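Everything numeric in this text was worked out from a predicted model, so none of it was measured.
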Amino acid sequence: LTIARNENGERVEKKFDLTITPYPEPSVKFHMQDSIAIIEILSFNIENTPSDSGTYGEFIRALNETQSAKATVIDIRDNPGGYVDQCEAIAAEMLPKGTNMSIEYSVKEEVDTDVEDPTIIIDTVYTTEDGLGKDRYYVFLVTEETGSCAEYLLMAVTNNLHSPVVGNTTYGKGSAFTILPTYLEGVAITTVSITYDMNHETFHMVGIKPDVEVNEYDDIPAKGIEIAKEGSMKRTAGYGTTLQPEWQPLYKAAVGGIKPLPKFGGMVVKRDELPIGKTNRK
């Protein structure tokens, strides 16, 4: 680094050698409060985290270091999502073996649409082993900015363990997108998959409702900890019943509706794929 400065009317250059060290920013934070573990997941990353396994590895550490917890609060307020294999693996660590976490309908890539029917791939994601935290009582904290992968985690765990949710109705992004170049050197953002739960319902465009609504952001953790201490509340709320405001302009362009299974033409296939952690697709 060269710095030029004025010393007595003359230009003087000073040179310094700097070492740039990457800082692996944590995506999971945790602490104990009154025998309750509070695990905050900021996003779902695969790079630039303290763990070589990404956010999943950080979450495993949090579970291991809070084994004595009476109950666990999972704070995903304002979590925008991230890599799907990370949130799948983390969800699996909260669930027992053989749990159906999601059903995903996606468009098969590299199909010659001039000669082939559209192909829809059905992925059923399930757990292959008992999760490290399968016996814990969980309470989730959410906001209207909790979206995408964070909602997937919420869907997978709460539908199976009936864990209560505290905060506001979530963003409502149950779809995945890809970016394609155009001949005008622009890009087209295209929906390539929709995620459904084990009951064939989706939170896409409507969000996930809290069991206990708390509008003040800073008041949400205290309520979550209170419920975690009691350890008895079960989830009774479901998904939203109206379109979230951000999705209303796009509703007319949506394909297949938002609640029932989509009706696709063409061929349907199943795919086997092994992502990280204790999950599989079938």
Side-chain angles (χ1 to χ4, degrees), residues 28-31 33-44 69-82 87 90-91 94-95 101-102 133 136-175 194-251 254 257-259:
V28 175
K29 299 178 181 180
F30 62 93
H31 67 279
Q33 181 174 331
D34 299 332
S35 76
I36 304 298
I38 293 90
I39 302 178
E40 181 182 6
I41 307 174
L42 304 174
S43 58
F44 298 90
K70 175 184 176 182
T72 302
V73 172
I74 303 294
D75 187 350
I76 48 175
R77 290 176 297 163
D78 293 356
N79 185 318
C87 63
I90 289 172
M94 303 184 204
L95 297 167
M101 296 200 300
S102 72
R136 297 196 185 196
Y137 178 80
Y138 293 102
V139 178
F140 287 86
L141 311 183
V142 300
T143 63
E144 62 274 7
E145 297 301 322
T146 299
S148 193
C149 225
E151 290 175 291
Y152 178 102
L153 172 71
L154 194 63
M155 173 197 74
V157 178
T158 58
N159 272 305
N160 287 285
L161 299 184
H162 308 293
S163 305
V165 179
V166 180
N168 311 115
T169 301
T170 62
Y171 186 82
K173 181 181 178 294
S175 59
I194 299 288
T195 298
Y196 292 79
D197 63 22
M198 61 181 182
N199 299 314
H200 301 291
E201 295 187 341
T202 182
F203 57 83
H204 185 51
M205 295 195 287
V206 294
I208 300 173
K209 294 174 61 177
D211 297 281
V212 179
E213 186 171 358
V214 179
N215 292 320
E216 290 296 328
Y217 184 90
D218 292 335
D219 293 340
I220 295 175
K223 188 62 180 179
I225 293 171
E226 176 188 328
I227 294 171
K229 287 180 179 180
E230 294 173 354
S232 59
M233 179 180 286
K234 295 293 184 181
R235 177 160 176 78
T236 57
Y239 302 141
T241 55
T242 58
L243 294 180
Q244 292 288 75
E246 55 272 10
W247 292 104
Q248 291 177 7
L250 300 176
Y251 178 65
I258 60 174
K259 279 292 182 182

How about [X] and [Y]: do any of their side-chain heavy atoms sit closer than 4.5 Å?
X: Met94; Y: Asn160; result: no
X: Tyr137; Y: Ile227; result: yes
X: Pro221; Y: Leu141; result: yes
X: Thr158; Y: Ser163; result: yes
X: Asp197; Y: Phe203; result: no
X: His204; Y: Thr195; result: no

Reported [atom1]-to-[atom2] distance for the pair [X] and [Y], which is rounded to 0.5 angstrom:
X: Ile39; Y: Arg136; atom1: CD1; atom2: CZ; value: 5.5 Å
X: Asp211; Y: Met233; atom1: CG; atom2: CE; value: 7.0 Å
X: Met198; Y: Asn159; atom1: CE; atom2: CG; value: 5.0 Å
X: Phe30; Y: Glu40; atom1: CZ; atom2: CD; value: 12.5 Å
X: Glu144; Y: Tyr217; atom1: CD; atom2: OH; value: 10.0 Å
X: Thr72; Y: Ile38; atom1: OG1; atom2: CD1; value: 8.5 Å

- Task: For Val157 and Phe140, run side-chain contact (heavy atoms from CB on, under 4.5 Å): C-alpha distance rounded to whole Å, both residues' side-chain angles, the deciding distance at 0.1 Å, then the answer.
- Result: CA-CA 10 Å; Val157 178; Phe140 287 86; 3.7 Å; yes
- List the steps, then state whether side-chain contact (heavy atoms from CB on, under 4.5 Å) holds for Val142 with Leu154. CA-CA 9 Å; Val142 300; Leu154 194 63; 3.8 Å; yes
- Query: Is a side-chain donor or acceptor of Thr143 paired with a backbone partner of Arg77 at a separation under 3.5 angstrom?
  - Reply: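 Answer holds: no.
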- Query: Do side-chain atoms of Ser35 reach the backbone of Lys70 as a donor and acceptor pair under 3.5 angstrom?
  - Reply: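 Absent.
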Taking all heavy atoms of [X] and all of [Y], pick out the closest pair and write down the distance.
X: Thr202; Y: Ile194; value: OG1-CG2, 4.4 Å
X: Glu151; Y: Gly147; value: OE1-CA, 3.1 Å
X: Gly133; Y: Tyr138; value: O-OH, 2.6 Å
X: Asn168; Y: Ile220; value: OD1-CD1, 4.3 Å
X: Pro210; Y: Ala237; value: O-CB, 3.5 Å
X: Ile41; Y: Asn79; value: O-ND2, 2.7 Å

- Message: Can you tell whether the side chains of Lys223 and Glu226 come within less than 4.0 Å, N to carboxylate O?
- Response: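 Salt bridge: yes.
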- Criterion side-chain contact (heavy atoms from CB on, under 4.5 Å) on Ile36 and Val139, from CA distance to verdict: CA-CA 10 Å; Ile36 304 298; Val139 178; over 6 Å; no
- Please determine which of Val206, Thr169, Thr170 meets the side chain to side chain contact (heavy atoms under 4.5 Å, CB included) test together with Gln244.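 Only match with Gln244 under side chain to side chain contact (heavy atoms under 4.5 Å, CB included): Thr169.
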